[in-house]
Structure formats: C-alpha cells, structure tokens
Colleague: 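I have a structure I would like to understand better, so I am pasting it below and will then ask my questions one at a time.
The first residue of the sequence shown is numbered 1, and numbering continues consecutively from there.
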Amino acid sequence: MKLAGLKSIDNAHDESVWAATWVPATPSRPALLLTGSLDETVKLWRSDELILDHTNTGHCLGVVSVAAHPSGVIAASASLDSFVRVFDVDTNASIATLEAPPSEVWQMQFNSKGTTLAVAGGGSASVKLWDTSTWRLDTTLSVPRPEGQKPSDKNSSKKFVLSVAWSPDGRRLACGSMDGTISVFDVERGKLLHHLEGHFMPVRSLVYSPTDPRVLFSASDDAHVHMYDAEGKSLVTAMSGHSSWVLSVDASPDGAAIATGSSDRTVRLWDLSMRAAVQTMSNHSDQVWSVAFRPPGSSGVRAGRLASVSDDKSISLYDYS
C-alpha cells in the first residue's frame with residue numbers, strides 16, 4: 001500500500017484549515033471535499049481537481065469541525081461561535097442552526113443511517129445526540145468524572161470531550177477527552193459501557209474500523225496512535241512514529257490501513273498487518289489538523305483518495321493504492 005501526491009492547493013483558505021471530510025457522491029454528482037477554517041468559512045471542492053465548487057459563510061468565528069450526512073445531500077459545520085450550522089450541500093441553503101453553550105461544540109459525526117448527529121460537548125463533558133428528522137436534541141450522554149473528583153475541582157476540565165466516533169453498525173459511540181480517556185457508550189440504552197485507557201494526553205481524534213466494529217483507533221497528543229478492542233476493553237497495540245501530537249486519524253475504506261496527521265507537519269500511512277508506519281508525506285509546512293479518506297462509491301472512480309489540511313492554509317490530495 002502506498003500514497004502518491006496528486007495535488008496541493010496553497011492558500012485554500014485565508015487562515016488555518018482545521019477540519020476536512022468527504023461528502024459522499026449522489027446520483028447527480030461525485031463526492032466533494034468539505035473543509036472548515038479559522039477564516040469562518042466552509043468550502044466544497046471538486047473531488048479529483050480540488051477546484052473550488054462553492055463557499056459557505058454564516059459562522060462568526062473559526063470552524064473547528066465538519067461532518068457529512070451519508071446521503072451526501074446535507075452537511076454540518078461547528079464553530080467557536082457555539083453554533084452548528086446544517087446546510088444543503090448543493091444549494092448552500094440553511095436547514096437548521098443548533099445552539100450550544102460556549103466551548104461545547106467540538107468534533108461531530110453522523111451515524112451510518114444518518115438519523116443522528118453526535119456532537120462532542122467540550123466543557124460539558126458529554127456527547128449530544130441530535131435527531132436529524134426534527135433537529136431537536138434527542139439524548140445527552142454524560143461522561144462521568146473520575147471517582148472522588150468534585151465538579152469544582154480544578155482538574156474537572158480534564159474531562160473536556162474533544163472527539164467522537166460512531167461504530168459502523170451505529171450501536172456504539174466512542175468519545176475522547178482531554179485527560180486521555182476514551183469512553184464507549186451503548187447508544188440504544190444511553191449507557192456508558194466502559195473507559196479505554198492508555199493515553200495520558202488529549203485524544204484528538206477517533207475512528208472505528210469500517211470492516212470490524214470492535215476495532216477503534218485513537219490519535220493523541222502523546223504522539224501515539226492506539227488500536228483498541230473497544231468491546232473487550234483492551235489495548236491491542238500502541239503505534240509510534242510521529243515526533244509530536246497526533247491530531248487526526250482516519251481508516252481506509254478497505255480496513256487495511258490508517259492515515260494520521262500530526263503537529264510534526266507530516267501525514268503518515270500505517271499498514272495494519274504490520275502495525276507500523278510504512279510511509280511519511282511531508283507536503284505541509286505546518287501542523288496537519290485533519291486527514292480524511294474518500295468513501296468508496298463514486299461512479300467511474302476506482303482509486304482511493306486521501307486528503308489532508310493544515311495550519312499552513314493548504315489542502316493536499318493523495319492517491320491511495
């Protein structure tokens with residue numbers, strides 16, 4: 001397996017680009033790349049050319065997360081302005097605005113059926129689940145504080161929830177916190193199942209394997225990438241190679257590899273059969289905030305694609321084979 005650089009766009013945004021995801025293809029168009037930036041805009045890019053399709057404005061502070069509905073028709077962006085904006089991908093029309101208290105909107109992800117949007121709740125130490133048919137708050141999954149800690153303790157902010165990931169079957173939801181713990185919930189019962197331990201610094205990004213709903217990958221400021229058996233509560237392996245914070249992790253659609261982005265300015269490709277990094281890409285001149293594999297299913301598109309975005313304001317696109 002390998003990555004080959006296809007295209008890079010400098011100054012894709014006016015400020016740091018912190019978020020990226022792929023909007024799935026629809027019958028009328030191929031997949032699009034969705035990016036969010038501290039310049040307060042969300043941009044949609046044509047898949048293989050990285051040509052700007054359109055720009056979505058409406059936030060009044062930087063965009064920290066973007067999420068695409070599995071239908072490819074709608075998407076959501078979360079900003080430091082404490083709003084989540086839900087919009088029509090093709091027309092830019094606003095569909096809903098979800099409000100949250102300050103510093104309570106971080107990473108987001110739609111479940112595989114598209115019925116629920118999970119939003120990592122930051123300082124509220126929770127994950128909020130929004131019903132996508134009504135855009136009403138359905139459930140709040142609270143992450144319990146460590147035993148013996150009072151809400152007023154100075155380290156209570158350590159349970160700040162940064163990252164969130166759905167299992168492929170939608171039965172489990174994992175969230176990563178500032179203190180390095182990962183919490184796994186049974187969504188149907190709204191119940192915390194257990195914590196996964198091993199990291200000692202913020203868990204910035206999580207992704208389940210698309211081919212095995214038990215396997216969860218995590219990226220942390222401790223410079224490690226972990227692979228867990230999320231049902232058996234066990235750490236399968238800890239992978240090292242980055243020299244600084246690992247800010248993002250994503251799994252390839254074939255389940256054979258993961259990619260990571262780091263504040264060491266590199267993108268790495270990891271072979272899961274070897275449990276090691278097999279390639280390092282140094283396209284960016286500043287920290288890499290997000291990496292995203294394109295979902296399969298675009299008509300006439302065979303090759304895999306990976307995108308990365310950075311504080312250097314650029315987007316890079318790679319061929320994954």
Side-chain angles (χ1 to χ4, degrees), residues 19-24 26 31 34 36 42 63-79 82-89 93-101 104-144 161-177 182-194 196 203 205-210 212-218 230-231 250-251 253 290 292 295 297:
T21 194
W22 291 92
V23 180
T26 66
L34 179 66
V42 172
V63 176
V64 294
S65 180
V66 290
H69 192 274
S71 68
V73 175
I74 62 173
S77 55
S79 159
S82 302
F83 288 100
V84 175
R85 296 185 67 248
V86 184
F87 57 93
D88 183 293
V89 170
S94 184
I95 290 168
T97 303
L98 317 178
E99 192 173 357
E104 291 199 7
V105 180
W106 294 91
Q107 272 182 18
M108 312 178 290
Q109 192 182 13
F110 288 93
N111 64 349
S112 58
K113 290 180 180 168
T115 54
T116 307
L117 175 66
V119 181
S124 66
S126 66
V127 178
K128 305 272 197 293
L129 302 183
W130 296 84
D131 181 322
T132 60
S133 59
T134 60
W135 296 111
R136 291 204 174 129
L137 184 61
D138 189 18
T139 312
T140 298
L141 302 173
S142 294
V143 179
V161 179
L162 288 167
S163 50
V164 67
W166 287 96
S167 64
D169 56 16
R171 293 175 56 235
R172 301 282 184 262
L173 187 75
C175 66
S177 299
I182 297 164
S183 308
V184 180
F185 290 90
D186 177 323
V187 178
E188 200 173 321
R189 293 190 293 158
K191 181 173 182 261
L192 176 75
L193 294 177
H194 46 253
L196 302 174
V203 177
S205 181
L206 294 167
V207 66
Y208 274 91
S209 165
D212 185 346
R214 289 181 72 101
V215 174
L216 178 71
F217 302 99
S218 59
E231 294 292 302
D250 198 21
S290 186

Colleague: Supply the atom-to-atom distance Glu188 CD to Leu173 CG, rounded to the nearest 0.5 angstrom.
Modeller: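 Atom-to-atom, Glu188:CD and Leu173:CG are 14.0 Å apart.
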Colleague: Taking all non-hydrogen atoms of both residues into account, name the closest pair between Val143 and Cys175 and its distance.
Modeller: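 Minimum heavy-atom separation between Val143 and Cys175: CG2-SG, 3.7 Å.
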Colleague: Would Ser209 and Phe217 satisfy side chain to side chain contact (heavy atoms under 4.5 Å, CB included), going step by step from the backbone distance to the final call?
Modeller: CA-CA 7 Å; Ser209 165; Phe217 302 99; 4.0 Å; yes
Colleague: Calculate, to the nearest 0.5 Å, the distance between atoms NE2 and CD belonging to His194 and Glu231 respectively.
Modeller: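 Reported value, rounded in 0.5 Å steps: 6.0 Å.
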Colleague: Over all heavy atoms of both residues, which pair between Ala118 and Leu129 is shortest? Give the atoms and the distance, please.
Modeller: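 Distance-wise, the nearest heavy atoms are CB-CD2, 3.6 Å.
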Colleague: Counting C-beta onward and ignoring hydrogens, is there a side-chain heavy-atom pair between Pro168 and Ser112 closer than 4.5 Å?
Modeller: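 Answer no - side chains too far apart.
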Colleague: Side-chain contact, heavy-atom cut-off 4.5 Å: Phe83 with Val105?
Modeller: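 They are not in contact (no side-chain heavy atoms under 4.5 Å apart), so the answer is no.
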Colleague: Please step through side chain to side chain contact (heavy atoms under 4.5 Å, CB included) for the pair Asp88 and Val73, ending with a clear verdict.
Modeller: CA-CA 6 Å; Asp88 183 293; Val73 175; 4.2 Å; yes
Colleague: Show the nearest heavy-atom pair for residues Leu117 and Ala67, with the distance to one decimal.
Modeller: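 Looking at all heavy atoms of both residues, the shortest contact is CD1-CB, 4.3 Å.
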Colleague: Return the OG to CZ distance between Ser142 and Phe185, rounded to the nearest 0.5 Å.
Modeller: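 Here the interatomic distance stands at 7.0 Å.
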Colleague: Give a yes or no answer on whether the side chain of Gln107 reaches the backbone of Ser205 with a donor-acceptor pair at less than 3.5 Å.
Modeller: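 No; judged by distance alone, with no hydrogens or angles, the pair does not exist.
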Colleague: Under the side-chain hydrogen bond (donor to acceptor under 3.5 Å, both in side chains) rule, collect the residues that match up with Ser82, sequence neighbours excluded.
Modeller: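 For Ser82 there are no side-chain hydrogen bond (donor to acceptor under 3.5 Å, both in side chains) partners, ignoring immediate neighbours.
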Colleague: Do Tyr208 and Leu216 pass the side chain to side chain contact (heavy atoms under 4.5 Å, CB included) test, and can you show the C-alpha distance, the side-chain angles, and the key distance before you say yes or no?
Modeller: CA-CA 4 Å; Tyr208 274 91; Leu216 178 71; 3.6 Å; yes
Colleague: Can you sort out the partners of Phe110 under ring pair (Phe, Tyr, Trp, His ring centres under 6.0 Å), two or more places apart, ordered by chain and number?
Modeller: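 In terms of ring pair (Phe, Tyr, Trp, His ring centres under 6.0 Å), with neighbours along the sequence ignored, Phe110 is linked to His69.
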Colleague: With Thr116, which residues qualify under side-chain hydrogen bond (donor to acceptor under 3.5 Å, both in side chains), at least two apart?
Modeller: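 Listed in chain order: nothing, the list is empty.
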Colleague: Hey, are the side chains of Val161 and Val164 touching, using non-hydrogen atoms and a 4.5 Å cut-off?
Modeller: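 Of all side-chain heavy-atom pairs linking Val164 with Val161, none is under 4.5 Å.
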Colleague: Go through it in stages, so that I can follow the logic: the residues are Arg172 and Asp186, the test is side chain to side chain contact (heavy atoms under 4.5 Å, CB included), and I'd like the CA-CA distance, side-chain angles, deciding distance and then a yes or no.
Modeller: CA-CA 5 Å; Arg172 301 282 184 262; Asp186 177 323; 3.7 Å; yes
Colleague: Donor-acceptor check, side chain of Ser65 to backbone of Met108, threshold 3.5 angstrom: yes or no?
Modeller: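 Judged by distance alone, yes, a pair lies under 3.5 Å.
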Colleague: Is there a side-chain contact between Ile74 and Thr132, using heavy atoms and a 4.5 Å cut-off?
Modeller: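 Not touching, per the 4.5 Å side-chain cut-off.
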Colleague: Work out which heavy atom in Leu141 is nearest to a heavy atom in Gly190; give both atom names and the distance.
Modeller: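 Distance-wise, the nearest heavy atoms are CD2-CA, 3.7 Å.
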Colleague: Let me confirm one number: the CZ-OG1 distance from Arg85 to Thr97, rounded to the nearest 0.5 Å.
Modeller: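 Rounded to the nearest 0.5 Å, the CZ-OG1 separation comes to 6.0 Å.
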Colleague: When you compare the side chain of Phe87 with that of Ile95, does any pair of heavy atoms fall below 4.5 Å?
Modeller: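 Not touching, per the 4.5 Å side-chain cut-off.
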Colleague: Determine the minimum heavy-atom distance between Pro144 and Leu192, stating which atoms define it.
Modeller: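 Between these two residues, the closest heavy atoms are CG-CD2, 3.4 Å.
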Colleague: Can you give me the closest heavy-atom contact between Pro70 and Asn111, atom names plus distance?
Modeller: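 Minimum heavy-atom contact is CG-O, 3.7 Å.
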Colleague: Quick check: do Val86 and Trp130 have side-chain heavy atoms less than 4.5 Å from each other?
Modeller: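 No, every pair of side-chain atoms sits at 4.5 Å or beyond.
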